[in-house]
A.B. asks: 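Below is one structure. I have some questions about it.
As a basis for the values below, the full set of heavy atoms in this structure was taken, side chains included, without hydrogen atoms, waters or symmetry mates. In this chain, numbering begins with 1 at the start of the sequence shown.
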Amino acid sequence: ALVISSSVFPTPEKTIFLEWIPAFIAFSNSPIDTTSAPDPIFLNSLSKVRFELDFTEKHIRESLEGAIKEVHERLLDIGNKKEEVLLREFGTTLIAAVLWGGNRLTVANVGDSRAILCRKSMSSEGIANWRAKPMSVDHTLYRSDEKTRIGKTKGKVIAGSNGDRRIIPCSEDYPTSVVKEQKLALAMSRSLGHVILSKYGVSQDPEFISTYVQNDDILILASDGLWSMMTNEEVLQIAIAQTNPQYVARALAREVEKRCNTKRVKSDNTTILVIKIDYLQTVEVKVDTATDKDELSESGSEDDGGDTR
């Protein structure tokens with residue numbers, strides 16, 4: 001099932017069956033015009049893909065890239081038709097996960113949404129030890145590789161009013177007064193649907209991380225409304241205290257709200273998806289490239305999870 005959700009709880013807004021491949025996608029924003037929300041665009045694009053038993057890591061990534069590209073282009077097309085600049089420059093992050101091959105997980109990330117995989121291991125004394133395994137790397141302007149990439153474009157990285165880094169268009173095209181008036185500043189290096197900033201270094205290209213999964217793993221996808229208030233370890237502790245994934249999502253949402261109230265800060269819009277992996281089957285996966293061969297021949301041990309990027 002392909003589950004799409006832009007709500008704070010993991011109740012699917014739309015569900016469609018794609019063979020037996022489960023995929024989970026979270027967006028951080030939806031345009032003010034709800035008819036242009038990214039959810040159905042992504043769903044329609046990915047639903048065109050026919051997943052076969054002999055698909056590969058390359059096939060999964062290309063399918064996700066194609067769906068993400070279609071969302072980006074559709075949002076740009078919609079934004080270009082808006083008369084008001086503040087409605088045109090309306091983007092969204094994306095974090096998507098696909099379970100495939102029986103016990104493989106591939107996560108695609110654009111922006112500062114995040115995915116973690118909570119995994120349990122047993123000590124020799126029979127004690128359960130949990131750890132939070134990062135399944136994405138935030139696209140922030142503090143990453144040296146992202147700052148270098150943007151430096152090769154017409155975009156400029158500056159310090160915002162509160163000290164955080166932001167990307168803006170070059171002053172030759174957009175004077176400082178126009179940047180402030182039209183709010184042409186973004187605190188992340190990648191995002192979908194930015195009509196103007198996509199021309200100045202804000203990329204729509206996803207990054208991928210793949211690993212092996214096992215029964216009892218807990219996968220959490222969420223936008224930065226969660227991660228700006230809680231660490232991976234704090235999210236892990238709440239996740240393992242509940243058995244029902246929906247209860248986990250509700251507990252995380254309540255904790256974010258409580259912390260915002262305590263700090264007297266405005267809460268960010270938040271999407272939280274919690275998936276408990278409790279049934280896996282082994283499927284023979286076709287290897288058709290040297291890259292795939294290296295990736296899929298990993299043992300997926302407890303130490304490294306057989307990660308590929």
A.B. asks: Please check this pair: side chain of Arg190 against backbone of His139, looking for a donor-acceptor N/O pair closer than 3.5 Å.
C.D. replies: no
A.B. asks: Quick one: pull up CG in Leu252 and CD1 in Ile272 and give me the separation to the nearest 0.5 Å.
C.D. replies: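 So the CG of Leu252 and the CD1 of Ile272 are separated by 5.0 Å.
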A.B. asks: When you check the gap from the basic side-chain N to the acidic O, do Asp145 and Arg143 get nearer than 4.0 Å?
C.D. replies: yes
A.B. asks: Applying the 4.5 Å side-chain criterion to the ILVMFWY set and letting contacts propagate, would Ile277 and Leu221 be lumped into a single cluster?
C.D. replies: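 Linked, Ile277 and Leu221 end up in one cluster.
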A.B. asks: Would a distance-only check, ignoring hydrogens and angles, find a side-chain to backbone donor-acceptor pair under 3.5 Å from Thr211 to Leu105?
C.D. replies: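 Answer holds: no.
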A.B. asks: Using side-chain heavy atoms (C-beta onward) and a distance below 4.5 Å, is Tyr200 in contact with Leu186?
C.D. replies: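 No, their side chains stay 4.5 Å or more apart.
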A.B. asks: Does Tyr174 form a side chain to side chain contact (heavy atoms under 4.5 Å, CB included) with Ile168? I'd like the steps, not just the answer.
C.D. replies: CA-CA 9 Å; Tyr174 289 88; Ile168 63 172; over 6 Å; no
A.B. asks: Does any non-hydrogen side-chain atom of Ile218 lie less than 4.5 Å from one of Val274?
C.D. replies: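 Yes - at least one pair of side-chain heavy atoms lies under 4.5 Å apart.
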A.B. asks: Nearest 0.5 Å, please: how far is CE in Met229 from NZ in Lys258?
C.D. replies: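 The NZ atom of Lys258 sits 11.0 Å away from the CE atom of Met229.
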A.B. asks: Determine, stepwise, if the pair Asp224 / Thr93 fulfils side chain to side chain contact (heavy atoms under 4.5 Å, CB included).
C.D. replies: CA-CA 9 Å; Asp224 68 319; Thr93 67; 5.9 Å; no
A.B. asks: Hydrophobic cluster membership, with links at side-chain heavy-atom distances under 4.5 Å among I/L/V/M/F/W/Y: are Leu236 and Val248 in one?
C.D. replies: yes
A.B. asks: How about Tyr247: does its OH atom have over 12 heavy atoms from other parts shown lying under 6.0 Å from it?
C.D. replies: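 Count not over threshold, so no.
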A.B. asks: Do you know the tightest heavy-atom contact between Val107 and Ala97?
C.D. replies: CG2-CB, 4.0 Å
A.B. asks: Are the charged groups of Glu146 and Arg165 less than 4.0 angstrom apart, N to O?
C.D. replies: no
A.B. asks: Between Leu226 and Ile240, is there shared hydrophobic-cluster membership here, with clusters defined by ILVMFWY side-chain heavy atoms closer than 4.5 Å?
C.D. replies: yes
A.B. asks: Quick one: OG on Ser121 to CD on Gln214, what's the gap to the nearest 0.5 Å?
C.D. replies: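 Those atoms lie 8.5 Å apart.
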A.B. asks: Indicate yes or no for a side-chain donor-acceptor contact from Asp77 to the backbone of Glu73 under 3.5 Å, with no hydrogens or angles considered.
C.D. replies: no
A.B. asks: Whether the side chain of Thr140 engages the backbone of Met188 through a donor-acceptor N/O pair (distance < 3.5 Å, no angle test) should be reported.
C.D. replies: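 Side chain of Thr140 to backbone of Met188: no pair is present.
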A.B. asks: Before giving the answer on side chain to side chain contact (heavy atoms under 4.5 Å, CB included), spell out for Thr92 and Leu75 the whole-Å C-alpha distance, their side-chain angles and the decisive distance to 0.1 Å.
C.D. replies: CA-CA 9 Å; Thr92 180; Leu75 291 178; 3.9 Å; yes
A.B. asks: Would you mind checking if Glu65 and Lys69 are paired as a salt bridge, meaning a charged N to carboxylate O distance below 4.0 Å?
C.D. replies: no
A.B. asks: Show your working on side chain to side chain contact (heavy atoms under 4.5 Å, CB included) between Lys180 and Thr176 and close with a plain yes or no.
C.D. replies: CA-CA 6 Å; Lys180 291 182 177 179; Thr176 302; 3.9 Å; yes
A.B. asks: I need the minimum non-hydrogen distance between Val213 and Leu117, along with the two atoms involved.
C.D. replies: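 The pair with the smallest heavy-atom distance is CG1-CD2, 4.1 Å.
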A.B. asks: Can you confirm whether Glu57 sits close enough to Arg104 that some side-chain heavy atom of one is under 4.5 Å from a side-chain heavy atom of the other?
C.D. replies: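 Yes; the side chains approach each other to less than 4.5 Å.
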A.B. asks: Taking the side chain as everything from C-beta on, heavy atoms only, tell me whether Pro245 gets closer than 4.5 Å to Ile275.
C.D. replies: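 With C-beta onward as the side chain, the pair stays apart.
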A.B. asks: Are any non-hydrogen side-chain atoms of Pro169 and Val179 less than 4.5 angstrom apart?
C.D. replies: yes
A.B. asks: Can you give me the closest heavy-atom contact between Ser113 and Ser223, atom names plus distance?
C.D. replies: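 Taking every non-hydrogen atom into account, OG-CA, 3.3 Å.
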A.B. asks: Can you tell me how far apart OG (Ser189) and CG (Leu197) are? Round to the nearest 0.5 Å.
C.D. replies: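 Nearest 0.5 Å value for the OG-CG distance: 12.0 Å.
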A.B. asks: Check whether any side-chain heavy atom of Ile95 sits under 4.5 Å from a side-chain heavy atom of Arg114, and report yes or no.
C.D. replies: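 No - every pair of side-chain heavy atoms lies 4.5 Å or more apart.
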A.B. asks: When you measure from the side chain of Trp227 to the backbone N and O of Ala222, does any donor-acceptor pair fall under 3.5 Å?
C.D. replies: yes
A.B. asks: List the atom of Ser210, the atom of Arg61, and the distance in Å for their closest heavy-atom pair.
C.D. replies: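 Shortest heavy-atom separation between Ser210 and Arg61 comes out as OG-NH2, 3.7 Å.
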A.B. asks: Identify the heavy atoms of Leu64 and Ala108 that sit nearest to each other, and give their distance.
C.D. replies: CD1-CB, 4.1 Å
A.B. asks: Kindly compute the distance separating CG (Leu192) from CD (Gln204), expressed to the nearest 0.5 Å.
C.D. replies: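 So the gap between those two atoms works out to 7.5 Å.
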A.B. asks: Can you find a pair of side-chain heavy atoms, one from Leu141 and one from Ile150, that are under 4.5 Å apart?
C.D. replies: yes
A.B. asks: Atom CZ in Arg119, atom CG in Asp217: separation rounded to 0.5 Å?
C.D. replies: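 Going from CZ on Arg119 over to CG on Asp217, the span is 4.0 Å.
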A.B. asks: Applying the 4.5 Å side-chain criterion to the ILVMFWY set and letting contacts propagate, would Tyr142 and Val157 be lumped into a single cluster?
C.D. replies: no
A.B. asks: What's the shortest heavy-atom distance between Pro134 and Asn232, and which atoms?
C.D. replies: CG-ND2, 4.2 Å
A.B. asks: So if you build clusters from Ile, Leu, Val, Met, Phe, Trp, Tyr with side-chain heavy-atom gaps below 4.5 Å, do Ile116 and Trp130 land together?
C.D. replies: yes
A.B. asks: May I ask you to test the His59-Thr56 pair for a side-chain heavy-atom distance under 4.5 Å?
C.D. replies: yes
A.B. asks: For Glu233 and Thr231, does a side-chain donor sit closer than 3.5 Å to a side-chain acceptor?
C.D. replies: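 Absent: no donor and acceptor within the cut-off.
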